[in-house]
Amino acid sequence: ELKVEQNPLFLSMQEGKNYTIYCNYSTTSDRLYWYRQDPGKSLESLFVLLSNGAVKQEGRLMASLDTKARLSTLHITAAVHDLSATYFCAVDMQRSNFGNEKLTFGTGTRLTIIP
Amino acid sequence: AAGVIQSPRHLIKEKRETATLKCYPIPRHDTVYWYQQGPGQDPQFLISFYEKMQSDKGSIPDRFSAQQFSDYHSELNMSSLELGDSALYFCASSPKFRQSAFGSGTRLTVV
């Protein structure tokens with residue numbers, strides 16, 4: 001059974017600081033996603049990482065994937081209050097002939113940026 | 001751009017009642033997924049449909065059933081509701097082999 005673990009579960013940081021969220025998964029996968037979720041809201045796709053060594057950046061967020069270590073990171077640079085949210089990684093284990101996903105989500109990291 | 005539409009947005013039901021959640025996928029998306037997210041939890045995959053056929057099944061209770069109709073919309077039927085069924089229910093849709101997009105969710109409260 002695939003397990004996806006994130007750490008930390010909770011993160012409180014000051015504006016302007018840098019930090020990294022880690023996502024470990026237990027079995028081989030070639031597709032990893034990062035999502036942002038505001039309280040009570042939907043899941044907003046941030047990044048899709050498809051291959052070993054993939055790195056993607058959008059604004060103050062940068063995601064990377066190491067498939068050999070089964071590890072993805074989400075790095076936050078010079079955090080601002082607007083980044084406060086819960087961040088989930090998700091691993092797609094199912095690419096059947098139907099082509100459909102089957103996402104297993106990590107436990108989530110609740111990020112609070114303190115002004 | 002059109003998004004995944006879910007209805008209703010909020011639903012309050014009593015224990016042992018039945019609830020039906022609806023999902024309208026993005027046009028030309030042939031695959032629909034359902035996820036359940038309990039309070040403070042990560043989303044859990046329930047079930048998916050491709051071209052109106054069930055394509056995969058996750059941790060969906062036997063009290064729940066779902067189907068995808070000829071117009072590709074999907075309905076999740078939940079019977080004998082329990083307090084523990086209170087959650088956000090997300091629908092997502094995708095074209096084949098592409099990443100899915102999530103709807104805004106239906107918040108179900110069982111009292």
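A, B, ... follow the sequence lines: proteins, then strands. Residue 1 opens every chain. All values below were derived from every heavy atom in this structure, side-chain atoms included, with hydrogens, water molecules and symmetry-related copies excluded.
- Heavy atoms closer than 4.5 Å to chain A are found nowhere in B:Gln6, neither backbone nor side chain.
- With chain B as the partner, the residue from A:Gly40, A:Ala90, A:Gly108 showing the most heavy-atom pairs under 4.5 Å is A:Gly40.
- For B:Lys52 and B:Tyr72, the positive end sits near the middle of the six-membered ring, less than 6.0 Å away and at most 45° from its axis.
- Relative ring orientation between A:Tyr35 and A:Tyr33 is described as tilted, the plane-to-plane angle lying within the 30° to 60° band.
- Ring planes of B:Phe45 and B:Tyr35: perpendicular class, angle over 60° (limits at 30 and 60°).
- Remark: A:Arg36 engages A:Asp38 in a salt bridge, criterion side-chain N to carboxylate O under 4.0 Å.
- Contacts of A:Gln6 with chain B are absent, with no heavy-atom separation under 4.5 Å from either backbone or side chain.
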